[in-house]
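Report on the following structure.
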Amino acid sequence: MRAMLRWAHADLRTHRGEALFLVSATAGIVASLLLAAALFGYATNPWQRVFTQSQGAHVWIHTGRTADPARLAELDGVAATAGPYDTVATGVASRGARAAVELRATADRPPTTGRPLVTAGRWLDPAVPDGVVLESSLAEALVAEPGDTLTLPGGDGRTLTVLGVADSAEPRYRPGERPGTVWAPPTAVRTTPGQPGRVTGLRLTDGDDTEYAVQRAVTTLGAGAVTDVTDWRQARAEAQGDTRLLGQVLGLFGLGALAAAALAVFGAISTRVRGHLRDISVLKAIGFTPGQVVRVFLAQHLAYAALGAALASALTQALGSRIPGRLGDAVGVWQGLPGHAGSLLGIPVAVVVLIGAATGLAAWRAGRVPPVPAGSPVGTAAGRGLSRPVRRALALPGVPPALVLGWHRAFGRGRHTPATVARLALPLLLITVALGALTTIERFDSRPEQLGLAAALTARPAEGLGDREARALLQRSPDVIAAHRGLEVAALVPGQTGTIALRGLGTRQDPYPYSVVEGRLARGLDEAVAGQGLLDLLGVRVGDWVRVTVEGHPQVLHLVGRSIEPENGGRTISTSLDTLRENDPALQPTVYHLLLRPGADPRVVRAELTEAAAGRLDIHAVAGPADRLASLRGVVAGLIIVLALIGLTEVSTAIGGAVRDGERDLLALKAMGLSPREVTAVTVTAVGCTALAAALAGTALGVPLAHWLIDHEGRTSGVGAGIAQGPPLLHLLALTAGAVLGAIALAAVPAARAARRRLADTLSAVA
């Protein structure tokens, strides 16, 4: 044991840089996987916590006042009901911000099922008849807190007092798409003007039976009585949002980096075994058994992996919650979840075990080395000789022999170079995919019109402001090049198992510029385009006809194209406002989508229009995926650093192998008349050619893989394929040049040191 420890210590002193790389790479991989676990937990568990503590309803069914939803409590599979509650759709304003809301008549004691969890202030108080409680996302949008006053429309000066803010497991407030929830006393709901309705929550014995329960409920009440249906899966997906995407990205790259690191460890040990055949033989000659040789290699690299894993776990646990932004919040929430301890222990152990398995295979080969080497490596190398093309290239005038011999050393002999190229190409491939992700995010930010976000602002007119006056106000700004009228309503899909967004935007004479990636724009009567989420929900394709129900009225549409829909999970059908008016000529636009001239600042235009409208228009900036994915940039940049570190580990292994090959060839090269500088150039050229081949292979395979992965994520999320953007050619060239120049720079010093070795030292090395 003492001899094993002394040999391991001497080897560590000789290869300190390689050991540091292995520890750092393992730490980066473990940290990436731990952060991925934190983001997955953060994406699901906060909503799950609210749902469990509030005894949340799996389904919320909105009906008119004439319906009798009390009968739903008798349906099979319904464990409990919330309500029915009388509602009224109206709007409120606070501190210059306005929002569409649903006032829900609730008792002065929170209900048992679907109970809001008060996070600030208090619940309804009979002593305050105008007191209300706001759902947390609505309170955030209105910048409202307990004690503030909300103004109701109508011009009579009626107000509501905010008593509290509460979390709910229902879908959150989304401006222009979903009204916010306001819990209010029944008297306040009855006396507030607006569209009356009723809402009922159903808590099921089995949440997986949601679709069947909705079908039974709609059949019981009648399709014409149901105006909207939302279920728990939709609310959970919205709560998870892009945090889940962050977790998927971290998990994907973490697993890829883990595979790359395992291969790098395997390559490092294999190269070390080939370079230390004489040392291993000496160890066996002095009494080391094959098992001891295997154990010393295995224990050494397991120690590196365990040190890196422990370092990553400690740093994540101690400093993870201090990371700025959503990532730090995710770690803070994750640390309080029940499965936190298991993940904190299980992920590092799994990484160490995987690296240990890769190490064990290479160490097993070290144990098979005979006590007496079978022959001289010089003889093996010399026996192969130079190929005819290499000899011809050496005879050409003006061709540096160092370049030819370096290329020959890299690709002209042995079976180890292809494996080295493959191992180095893997982290470069993943870096290329990461660059593709960054480029796609940047495309959402710089060219949103190509990704379903042609409008930069939306404007909603106040009550009493006509279409002509609203358009005149909006087009007064020289930065507004178009103000497309629009209307969005909730529609029931066939089978009545859920609702989708039916949007009428633009007219046939002035169509809205949708981002259509399949088919064509809707131009004719009853033509529409749909998002990928809608196509998947209904199981239809472009070219099919679909039938949806809007407030009891059927609407049959011909899907002529698939558009990129970043919002609502892609569950959107978009047609012209003219088509919606065919069924109901009284429909009026409720929103205007503003297209700005190139270079215009949306914030400046919004401020100018808000001042000019004097409160008659509610103007908001369109929030795109780039805003929600801002934190992904830093995450991907960190992953690129981890992958680059793994690549450096593999490059150091390749350099070590090339230098050892150069020591074997040193006598022959000097006999040919090459100077030490030219001998150094041979080794550097061999390393550079290997890095170039790996970079070309990694980028060539990484670009199509990035397209496929990004489009696959877009397809499964409902946004749709067609959003992927490959890295710019300049970035790929920079990656290739960086890999090659970095490998050359790292190889220069050890190659020069080896080229200046004395002939006696060289003879002893190859003897």
Shortest non-hydrogen contact between [X] and [Y], atoms and distance:
X: Gly726; Y: His707; answer: N-NE2, 3.4 Å
X: Gln725; Y: Thr439; answer: CG-CG2, 3.4 Å
X: Gly702; Y: Val433; answer: O-CG2, 3.8 Å
X: Thr432; Y: Ala706; answer: O-CB, 4.5 Å
X: Pro727; Y: Val703; answer: CD-CG2, 4.4 Å
X: Ala743; Y: Ala691; answer: CB-CB, 3.7 Å

Measure the [atom1]-[atom2] distance between [X] and [Y] for me, rounded to the nearest 0.5 Å.
X: Leu696; Y: Leu701; atom1: CG; atom2: CG; value: 10.5 Å
X: Ile347; Y: Thr316; atom1: CD1; atom2: OG1; value: 9.5 Å
X: Leu429; Y: Thr699; atom1: CG; atom2: OG1; value: 9.0 Å
X: Leu741; Y: Leu746; atom1: CG; atom2: CG; value: 11.0 Å
X: Ile431; Y: Leu426; atom1: CD1; atom2: CG; value: 10.0 Å
X: Leu705; Y: Leu709; atom1: CG; atom2: CG; value: 4.5 Å

Open item on the list: Can a donor-acceptor pair be found, under 3.5 Å and without considering hydrogens, that links the side chain of Thr440 to the backbone of Ala724?
Closed with: no
Open item on the list: Suppose we screen for side chain to side chain contact (heavy atoms under 4.5 Å, CB included). Which residues come up paired with Ser313, at least two apart in sequence or across chains?
Closed with: Val30, Leu34, Leu344, Pro348
Open item on the list: I'd like to check Arg541 versus Leu535 (side-chain heavy atoms, cut-off strictly below 4.5 Å). Are they in contact?
Closed with: no
- [ ] Kindly determine whether Thr736 and Leu692 satisfy side-chain contact (heavy atoms from CB on, under 4.5 Å), including the steps that lead there.
- [x] CA-CA 7 Å; Thr736 302; Leu692 178 61; 3.9 Å; yes
